[in-house]
Amino acid sequence: MLLTILGGCGAWPAAGQACSGYLVEHDGFRLLVDLGHATVPRLLERVGADQIDAVFISHGHPDHCADLNPLLRARTMRDDPPAALPVYSLPGALDAVLALDRPGVLTDAYVLHEFTAGSGFDIGPFRMQTRLLPHSIPNAGIRLTAGERVLAYTGDSGPSPDRVELARGADLLLAEATHVERVPEVSRRYLTSARQAGRQAREADAGHLVLTHLQPGTDASAARAAAGAGYDGEIGIATSGLSFDLS
């Protein structure tokens with residue numbers, strides 16, 4: 001299983017970067033997990049829009065799904081459009097982004113599969129197990145298994161024992177860590193700090209921790225140090241272009 005970071009910024013893309021978006025590949029199958037602002041240009045530096053096999057969206061905030069629109073446009077506004085793209089999301093999560101174009105423009109570009117958080121299903125070679133995690137809108141954390149390898153991704157979420165269970169024994173935990181040490185009180189139910197993410201990775205016995213969704217301007221070394229106070233494994237920062245081979 002190969003994970004490539006298309007973007008890891010929270011809220012908006014910093015200069016030269018992109019918001020949450022991840023390309024996961026296994027046995028020739030290409031799955032996109034989230035497609036936030038500015039991720040499609042990063043994607044198209046690597047593969048064509050028609051080479052994507054499926055998309056999974058954790059929740060409906062635009063820094064996680066806004067670039068679904070240009071991806072679908074790139075697939076359908078051509079002389080030889082590919083087959084409709086399977087798109088997986090929670091019910092209603094993509095209503096706003098799918099309404100950006102006039103009715104009918106993208107109808108044949110995708111097939112929407114809405115799922116209930118807590119359910120499991122297969123996407124290509126991946127076994128997907130979802131879990132509802134606390135956020136300001138419904139958010140599905142995801143545990144992807146291919147062969148004997150496991151990738152866990154939190155989407156955006158506040159601290160919760162379910163985050164730990166999602167990541168239990170995962171080879172790699174891709175964890176939202178918007179803030180370094182302290183999450184502002186107004187967001188404490190909905191977001192997590194790097195320090196908290198490190199403790200959760202230790203509790204879950206995750207093999208590798210990658211911090212993502214850092215607020216633009218965050219000192220990456222400070223975030224890594226905060227996470228490392230509670231976790232002694234390898235810690236990475238999700239930055240456009242980085243890849244992690246889980247084989």
Side-chain angles (χ1 to χ4, degrees), residues 1-5 8 10 20-22 24 26 31 33-34 56-59 64 90 115-123 126-135 138-183 187-214 218 220 222-239 242-247:
M1 191 191 309
L2 178 67
L3 166 67
T4 300
I5 308 296
S20 294
Y22 316 97
V24 187
H26 184 72
L31 170 67
V33 177
D34 283 352
F56 174 94
I57 301 293
S58 64
H59 66 288
H64 291 259
L90 293 170
F115 63 88
T116 301
S119 62
F121 46 87
D122 293 334
I123 302 179
F126 299 102
R127 180 60 184 169
M128 317 287 283
Q129 183 60 53
T130 64
R131 189 178 288 259
L132 185 66
L133 298 179
H135 194 44
N139 168 74
I142 185 72
R143 185 179 175 93
L144 298 83
T145 302
E148 297 181 353
R149 298 302 180 186
V150 177
L151 165 65
Y153 171 53
T154 63
D156 290 352
S157 80
S160 166
D162 285 334
R163 272 180 67 128
V164 175
E165 291 309 311
L166 182 80
R168 183 73 64 192
D171 295 284
L172 187 148
L173 168 59
L174 184 59
E176 176 262 320
T178 305
H179 302 277
V180 175
E181 295 279 357
R182 294 180 178 273
V183 180
S187 300
R188 284 180 188 168
R189 292 174 56 195
Y190 310 126
L191 296 172
T192 299
S193 70
R195 184 171 293 275
Q196 290 169 319
R199 290 199 299 264
Q200 292 163 355
R202 182 194 66 226
E203 292 175 30
D205 195 26
H208 190 150
L209 172 63
V210 177
L211 303 175
T212 191
H213 203 264
L214 275 64
T218 297
R224 187 181 285 109
Y231 174 72
D232 59 8
E234 187 174 355
I235 301 171
I237 303 293
T239 306
L242 288 181
S243 292
F244 300 89
D245 189 345
L246 277 65
S247 62

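Everything numeric here is computed off the predicted structure, so don't read it as measured data.
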Distance flag, aromatic centroids of F126 and F121, threshold under 6.0 Å: no
Between R149 and S247, a side-chain donor and acceptor under 3.5 Å: no
Which donor-acceptor pairs under 3.5 Å do side chains of residues 201-208 form with protein atoms, sequence neighbours excluded?
residue: R202; atom: NH1; partner: G230; partner atom: O; Å: 3.0

Side chain proximity check, T192 to T178, heavy atoms < 4.5 angstrom: no
Note, L173 side chain near V210 side chain (heavy atom, < 4.5 Å): no
Those residues that, when tested against R131, pass side-chain hydrogen bond (donor to acceptor under 3.5 Å, both in side chains) (two or more places apart): D162
Gap separating the CG atom of L151 from the CE atom of M128, nearest 0.5 angstrom: 9.0 Å
Nearest heavy atoms of R163 and A175, plus distance in Å: NH2-CB, 3.7 Å
Flag side-chain contact, heavy atom, 4.5 Å: L144 against L31: yes
CZ/R168: more than 12 non-hydrogen atoms of other groups inside 6.0 Å: yes
Geometric class of the H135/H59 ring pair [parallel <30°, tilted 30-60°, perpendicular >60°]: perpendicular
Pairwise side-chain contact, S20 with H64, heavy-atom cut-off 4.5 Å (strictly under): yes
Pairs involving residues 157-181, ordered by first then second residue, that meet ring pair (Phe, Tyr, Trp, His ring centres under 6.0 Å) (sequence neighbours left out): none
Approximate separation, where rounding is to 0.5 Å, of F56 CZ and T130 OG1: 6.5 Å
With R195 via side-chain hydrogen bond (donor to acceptor under 3.5 Å, both in side chains) - residues at least two apart: E181
Side-chain touch V180/T218, heavy atoms, less than 4.5 angstrom: yes
Straight-line distance of L209 CG to L172 CG, nearest 0.5 Å: 8.0 Å
N/O donor-acceptor pair under 3.5 Å between N139 side chain and G155 backbone: no
Nearest atoms (heavy-atom pairs only) where L133 meets G141: CD1-CA, 3.8 Å
Counterpart residues, side-chain contact (heavy atoms from CB on, under 4.5 Å), relative to S243 (two or more places apart): L2, T4
Option among T154, D156, D34, L90 that satisfies the side-chain contact (heavy atoms from CB on, under 4.5 Å) test with S58: D34
T212 and Y153: CA distance, side-chain angles, deciding distance, side-chain hydrogen bond (donor to acceptor under 3.5 Å, both in side chains) verdict: CA-CA 10 Å; T212 191; Y153 171 53; over 6 Å; no
Pairwise distance NE2(H213) to CD(E176) - rounded to 0.5 angstrom: 6.0 Å
Heavy-atom pair with the smallest gap, counting every atom of R188 and P159: O-CD, 3.3 Å
Shortest non-hydrogen contact between G198 and Y231, atoms and distance: O-CB, 3.3 Å
Heavy-atom pair with the smallest gap, counting every atom of L214 and A220: CD2-CA, 4.4 Å
Q129 side chain to G118 backbone, donor-acceptor under 3.5 Å: yes
Donor-acceptor contact present, side-chain S193 to main-chain Q196, <3.5 Å: yes
Listed partners of D122 passing side-chain hydrogen bond (donor to acceptor under 3.5 Å, both in side chains), at least two apart: R127
Minimum-distance pair of heavy atoms, taken over all atoms of L246 and F244: CD1-O, 3.5 Å
